[in-house]
Amino acid sequence: LYSGEVQYFRLKKATWKKNVLKAKKANLNTVSSYIPWCWHEKKEGVFDFRGKAYPETDLIEFLETVSKLGLYFFARIGPVSNAELINEGLPVWLVKKYPQVLLRRKDNAISSSPALSSYLSPGFQRFVRLWYDKVLPIIEKYRIENGGPVILLQLCNEIGMLNWLLKQPDYSKNTTRLYREYLELKYKNIGTLNELYDKRFVDFSKINQPDSTV
């Protein structure tokens, strides 16, 4: 595969064919793009993949264009799109209306950065599932096995990158519970963990996540 980025949502629809042809003339056989959640669900529950609100939301037409020109397509569907998009590609309504989808700091306060989502929170996953329920059938229809151009699929890009840069893990109750379950699965009994780390925990339920400031 020789791929280049052609982000349809940043280009006028009238130029899509011209830009995909440029990729082909450069001897690429694949083009790739994010399919940003924020671009196709600008209002909660209102999904647009056919250019109803803006011509450039016509994902179907873009996929048809790529297919007709004989190239493959690498689809990156998020939910997080690390592409200099507002909220890293999360819909504005999501982070404003449902702050519970954002991670919790160690003091239990909600993150001040709307791009730092709580990936494992049931609330966040519920909305992501609704997004996937809409976008994945399109990917399925246009996958290469069904005669379409989609040859690769990627979820979040650079997942956790902002958490690393900002030294901000997710201290929400659900994430802490999963961390404890991971430790118990790994070490089996609390005595083994205490011996390895020179601790005196009574049981796994008393262990908190490490301090991100250390």
Side-chain angles (χ1 to χ4, degrees), residues 1-98 101 114-115 117 119 123-159:
L1 296 180
Y2 295 92
S3 181
E5 198 76 359
V6 179
Q7 296 182 352
Y8 65 95
F9 57 95
R10 286 183 163 131
L11 299 167
K12 291 295 184 182
K13 184 177 180 179
T15 71
W16 285 353
K17 182 177 180 180
K18 178 180 69 176
N19 282 286
V20 174
L21 276 173
K22 285 182 178 180
K24 189 172 184 177
K25 289 178 180 178
N27 290 321
L28 302 180
N29 61 9
T30 307
V31 294
S32 62
S33 177
Y34 296 98
I35 301 177
W37 184 3
C38 64
W39 186 238
H40 293 283
E41 192 185 4
K42 288 185 174 292
K43 294 182 180 180
E44 182 180 356
V46 180
F47 296 88
D48 182 8
F49 298 100
R50 292 308 307 253
K52 295 177 182 178
Y54 305 96
E56 290 71 33
T57 59
D58 195 348
L59 174 63
I60 304 298
E61 180 63 29
F62 182 73
L63 291 173
E64 291 283 357
T65 299
V66 173
S67 182
K68 289 173 183 176
L69 294 176
L71 277 78
Y72 299 126
F73 182 63
F74 178 12
R76 305 210 299 281
I77 64 172
V80 173
S81 299
N82 196 297
E84 292 69 51
L85 292 167
I86 294 174
N87 302 331
E88 301 298 305
L90 299 179
V92 173
W93 59 262
L94 178 69
V95 298
K96 284 188 174 181
K97 189 176 179 180
Y98 302 99
V101 306
S117 54
Y119 283 93
F124 183 69
Q125 292 186 349
R126 177 170 67 88
F127 285 108
V128 172
R129 189 174 295 112
L130 294 173
W131 163 241
Y132 284 173
D133 283 347
K134 296 297 183 179
V135 71
L136 284 175
I138 298 173
I139 300 301
E140 171 67 19
K141 179 180 178 180
Y142 284 92
R143 61 187 292 193
I144 190 170
E145 291 86 349
N146 293 328
V150 178
I151 196 168
L152 289 170
L153 176 70
Q154 179 184 328
L155 304 183
C156 292
N157 183 51
E158 296 184 298
I159 185 170

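With sequence neighbours excluded, the residues satisfying side chain to side chain contact (heavy atoms under 4.5 Å, CB included) with Y98 are E44, W93, L94, Q100, V101, F127. For S81, there are no side-chain hydrogen bond (donor to acceptor under 3.5 Å, both in side chains) partners at least two apart in sequence or on another chain. Take Y142 and apply the ring-ring contact (aromatic ring centres under 6.0 Å, His included) test, not counting sequence neighbours, and it matches no residue. Residues forming a side chain to side chain contact (heavy atoms under 4.5 Å, CB included) with R126 (at least two apart in sequence, or on another chain): none. Not counting sequence neighbours, the partners of K42 by the side chain to side chain contact (heavy atoms under 4.5 Å, CB included) test are W39, Y54.
Residue pairs satisfying the salt bridge (Lys or Arg N to Asp or Glu O under 4.0 Å) criterion with at least one member in residues 127-136, sequence neighbours excluded, are absent. Residue pairs meeting the salt bridge (Lys or Arg N to Asp or Glu O under 4.0 Å) criterion with at least one partner in residues 70-82, sequence neighbours excluded, are E5-R76. Identified under the side chain to side chain donor-acceptor pair (under 3.5 Å) test for residues 11-27, with sequence neighbours left out: K13-D58, T15-N19. The list of salt bridge (Lys or Arg N to Asp or Glu O under 4.0 Å) pairs with a residue in residues 140-153, not counting sequence neighbours, reads E140-R143, R143-E145.
When atom types are taken as modelled, the side chain of N29 and the backbone of Y2 share a donor-acceptor pair closer than 3.5 angstrom. A side-chain donor-acceptor contact under 3.5 Å links D48 to the backbone of A53.
Under a cut-off of 6.0 angstrom, the local environment of CG in L130 is crowded, with over 12 non-hydrogen atoms contributed by other residues, nucleotides or ligands.
In this structure the side chain of L90 reaches within 4.5 angstrom of the side chain of F124, judged on heavy atoms. I144 places none of its side-chain heavy atoms less than 4.5 Å from the side chain of V150. No side-chain heavy atom of Y119 sits less than 4.5 Å from a side-chain heavy atom of V128. Side chains of W131 and H40 form a contact here, defined as non-hydrogen atoms less than 4.5 Å apart. Under the 4.5 Å side-chain criterion, counting only non-hydrogen atoms from C-beta, S117 is in contact with V80.
Shown here for A23 and V31, the closest heavy-atom pair between the two residues is CB-CG1, 3.8 Å.
The distance from atom CD1 of I151 to atom CG of L1, rounded to the nearest 0.5 Å, is 5.0 Å. Rounded to the nearest 0.5 angstrom, E56 CD and R10 CZ are separated by 13.0 Å. Atoms CG and CG, from L136 and L153 in turn, are 6.5 Å apart once rounded to the nearest 0.5 Å. In this structure, CG on L11 lies 8.0 Å from CD on Q7, to the nearest 0.5 angstrom. Rounded to the nearest 0.5 angstrom, W37 CH2 and L85 CG are separated by 13.5 Å.
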Exercise. Show your working on side chain to side chain contact (heavy atoms under 4.5 Å, CB included) between I35 and I139 and close with a plain yes or no.
Key: CA-CA 10 Å; I35 301 177; I139 300 301; 3.9 Å; yes
Please output the side-chain donor-acceptor pairs of residues 66-73 that fall under 3.5 Å, not counting sequence neighbours, one pair per line with the distance.
none

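Between F9 and Y34, the two ring planes are perpendicular [angle over 60°; tilted spans 30° to 60°].
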